[in-house]
Amino acid sequence: EAEYRMCRVTNPRPKIVAVCNQPSGRFRYFTLTFRSFSPNPTAIEFKPGHSYYLISTSTQRDLHRRAGGYCQTHNMKMVINVAATGTPAAEPVSNTADNVN
């Protein structure tokens with residue numbers, strides 16, 4: 001959580017979720033599978049009741065940057081909160097961009 005707030009990777013061996021190294025203008029999609037167990041040892045296992053913090057500290061010129069980057073300049077970070085087991089489902093949050101006529 002501290003790394004998320006500071007936009008700084010301090011872990012010497014961080015878990016890399018995706019690498020976007022394609023030229024500008026080419027879209028690439030990454031799929032995150034939400035499961036509490038994975039047969040793949042490098043996959044992320046999302047445990048009920050936990051929060052997971054994703055940040056992008058890279059820039060256009062430095063893919064391996066460990067501080068600042070798009071996390072700081074473009075707010076490129078997100079938190080995934082996994083509900084505890086037995087928690088009732090929440091109402092979906094609408095995206096204000098979807099409500100524009």
Side-chain angles (χ1 to χ4, degrees):
E1 185 177 350
E3 292 178 340
Y4 173 86
R5 285 193 316 268
M6 296 183 312
C7 286
R8 177 178 302 274
V9 178
T10 58
N11 184 332
R13 299 191 66 196
K15 177 80 122 176
I16 297 173
V17 176
V19 176
C20 301
N21 57 2
Q22 299 297 318
S24 296
R26 292 187 61 192
F27 290 103
R28 188 146 180 219
Y29 297 92
F30 295 95
T31 301
L32 285 178
T33 303
F34 292 86
R35 60 176 93 177
S36 60
F37 172 77
S38 174
N40 181 351
T42 61
I44 299 174
E45 293 179 351
F46 293 94
K47 303 291 184 188
H50 288 82
S51 296
Y52 299 87
Y53 300 86
L54 305 175
I55 63 174
S56 175
T57 54
S58 63
T59 65
Q60 189 171 6
R61 292 189 180 135
D62 186 358
L63 187 63
H64 303 288
R65 183 181 182 96
R66 296 178 66 89
Y70 289 126
C71 176
Q72 192 168 38
T73 62
H74 292 79
N75 202 31
M76 234 174 134
K77 56 185 178 178
M78 104 175 136
V79 179
I80 298 172
N81 294 306
V82 180
T85 304
T87 304
E91 291 294 320
V93 178
S94 71
N95 184 341
T96 55
D98 292 340
N99 298 329
V100 176
N101 292 329

Taken in chain and number order and not counting sequence neighbours, the residues that satisfy side-chain hydrogen bond (donor to acceptor under 3.5 Å, both in side chains) with Ser51 are Asn81

Indicate yes or no for a side-chain donor-acceptor contact from Tyr53 to the backbone of Ala2 under 3.5 Å, with no hydrogens or angles considered.
no

Can you name the nearest heavy-atom pair linking Met6 to Thr10, along with the distance?
CE-CG2, 4.5 Å

If I take atom CD1 from residue Ile16 and atom CG from residue Leu54, how far apart are they, to the nearest 0.5 angstrom?
12.5 Å

Output for pair (Ser56 OG, His74 NE2), nearest 0.5 Å, gives 10.5 Å

What's the separation between atom OH in Tyr70 and atom CG in Asn75, rounded to the nearest 0.5 Å?
14.5 Å

With rounding to the nearest 0.5 angstrom, report the CG to NE2 distance, Asp62 to His64.
7.5 Å

Once you round to the nearest 0.5 Å, how far does CD of Gln72 lie from SG of Cys7?
6.0 Å

Working to the nearest 0.5 Å, report the span between CZ of Arg65 and SG of Cys71.
11.0 Å

Indicate the ring-plane relationship of His50 and Tyr52, choosing parallel, tilted or perpendicular according to the 30° and 60° boundaries.
tilted

Any side-chain heavy atom of Arg66 within less than 4.5 Å of one from Pro14?
yes

Shortest non-hydrogen contact from Gly69 to Thr59?
CA-CG2, 3.6 Å

Over all atoms of both residues, closest heavy-atom pair of Arg5 and Lys77:
O-NZ, 4.2 Å

According to a hydrophobic-cluster definition based on side-chain heavy atoms being under 4.5 Å apart (Ile, Leu, Val, Met, Phe, Trp, Tyr only), do Val9 and Val79 belong together?
yes

Same hydrophobic cluster for Met78 and Val82, using side-chain heavy-atom links shorter than 4.5 Å among ILVMFWY?
yes

